[in-house]
There are 2 protein chains.
Amino acid sequence: MTSKQEFIEKLRNSSLRPTKQRINICEVLFNRDKTFHFTINDLFNLIKDKTGEKVSLATVYNTVHAFHRKGYLKEIPINSNQTYFDTNVTDHHHFFDVKEEKLIDLKNEDVGPIEIQKSIPGKKIKSVEVLVKLED
Amino acid sequence: MTSKQEFIEKLRNSSLRPTKQRINICEVLFNRDKTFHFTINDLFNLIKDKTGEKVSLATVYNTVHAFHRKGYLKEIPINSNQTYFDTNVTDHHHFFDVKEEKLIDLKNEDVGPIEIQKSIPGKKIKSVEVLVKLED
DNA sequence: TCGTTGTTTATAATTATTCTAAAGAAGATT
DNA sequence: AATCTTCTTTAGAATAATTATAAACAACGA
């Protein structure tokens, strides 16, 4: 259970003004035990449900992007009509249940180390992500 | 160099009528040495350039989806505003040059075998794909 | 050649996302 | 606390990729 005060400090430290909306979004995103996978639309609806207050869709977009830039959220590469984000920003991989359109975390040890044996001159590796698609 | 006749047979065998448009699309997609990564828009423009004939955007969408369903094209999971496809339908992985928005094939031996140590009851693994993002 | 069925096409509709500009709130300064 | 500046929120418009529609057309089999 993270307190509202901590969110306010976290926001201030990131030079983001601690507005009511951002704090509500923090509550929904970061006040949980498990990692959380979501689309903007999921989040938009959850805010209403969980906090009782409405935040405009534009603000949800703005805030998610701000948090993403600050490194508090991770974008997950899937081909889907909607973009998925993850509150777990550590290096890790995913199952994607194609039918249910649901993401499941894979621990690094579930996949094992991945060594990329090829390099492209002038470029360096930014991330290595494994996506395991699941079917019935 | 694959002949037009072979494309016609390939289409017939897939219960897709060999229309002028589909054959043109085949020429652009499959008449090449190397694997080819593209977006629908890339392809739409290439058809005009390479064959001199115009195919409507709707048909490009229809055909790419038909080929994808038949297993002649592979969709590559990246978060991008556009969907990427690949003419190499074997299991393999990708570099994605974030700045240039360009995909580069990785051979399986460039990555090594990936063993997934976790399973989800009732689900089986459909595909395992590695995306390596590159930066400067 | 004719009828059936599948295909193409222009265009409209849909959907996720981004942009805009005005109103509002936070923070600093006095 | 009052004021000013800067940042943020918001509704709604704009954009862009994709999908749906339905009429014209082309391929196929009889």
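The chains referred to below are lettered A, B, ... by the order of the sequence lines, with proteins before strands, and numbering in each begins at 1. It should be emphasised that the depicted structure is a prediction, and the values quoted were computed from it without experimental measurement.
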Visitor: Please step through salt bridge (Lys or Arg N to Asp or Glu O under 4.0 Å) for the pair K99(A) and D136(A), ending with a clear verdict.
Guide: CA-CA 8 Å; K99(A) 195 175 164 199; D136(A) 291 316; 3.0 Å; yes
Visitor: With a 4.5 Å cut-off on side-chain heavy-atom distances among I, L, V, M, F, W and Y, is there a chain of contacts connecting V130(A) to I76(B)?
Guide: no
Visitor: For residues T87(B) and Y72(B), is any side-chain donor paired with an opposing acceptor at under 3.5 Å?
Guide: no
Visitor: Taking it one step at a time, do E53(A) and K20(A) satisfy salt bridge (Lys or Arg N to Asp or Glu O under 4.0 Å)?
Guide: CA-CA 10 Å; E53(A) 295 176 53; K20(A) 188 159 50 78; 3.6 Å; yes
Visitor: Select from L16(B) and K54(B) the residue whose nearest nucleotide in DNA chain C is closer to the 5' end of that strand.
Guide: L16(B)
Visitor: Should D110(B) and H92(B) be marked as a side-chain hydrogen bond (donor to acceptor under 3.5 Å, both in side chains) after you check the CA-CA gap, both sets of side-chain angles, and the distance that decides it?
Guide: CA-CA 10 Å; D110(B) 293 332; H92(B) 69 287; over 6 Å; no
Visitor: Under 3.5 Å, is there a donor-acceptor pair between the D86(B) and H94(B) side chains?
Guide: yes
Visitor: Separation of I25(A) atom CD1 from dT8(D) atom C1', in whole Å?
Guide: 11 Å
Visitor: Return the value, rounded to whole Å, for the distance between atom CG of L11(B) and atom P of dA26(D).
Guide: 18 Å
Visitor: Should R22(B) be listed as having a side-chain N or O under 4.0 Å from OP1 or OP2 of dG6(C)?
Guide: no
Visitor: What does nucleotides 13-28 of chain C look like as a protein-contact string, B for base, S for sugar-phosphate only, - for none, at under 4.0 angstrom between heavy atoms?
Guide: ---SBB------BBS-
Visitor: Return the value, rounded to whole Å, for the distance between atom CZ of F44(B) and atom P of dT19(D).
Guide: 16 Å
Visitor: Look at the side-chain N and O atoms of Q21(B) and state whether any lies under 4.0 Å from the OP1 or OP2 oxygen of dA26(D).
Guide: no
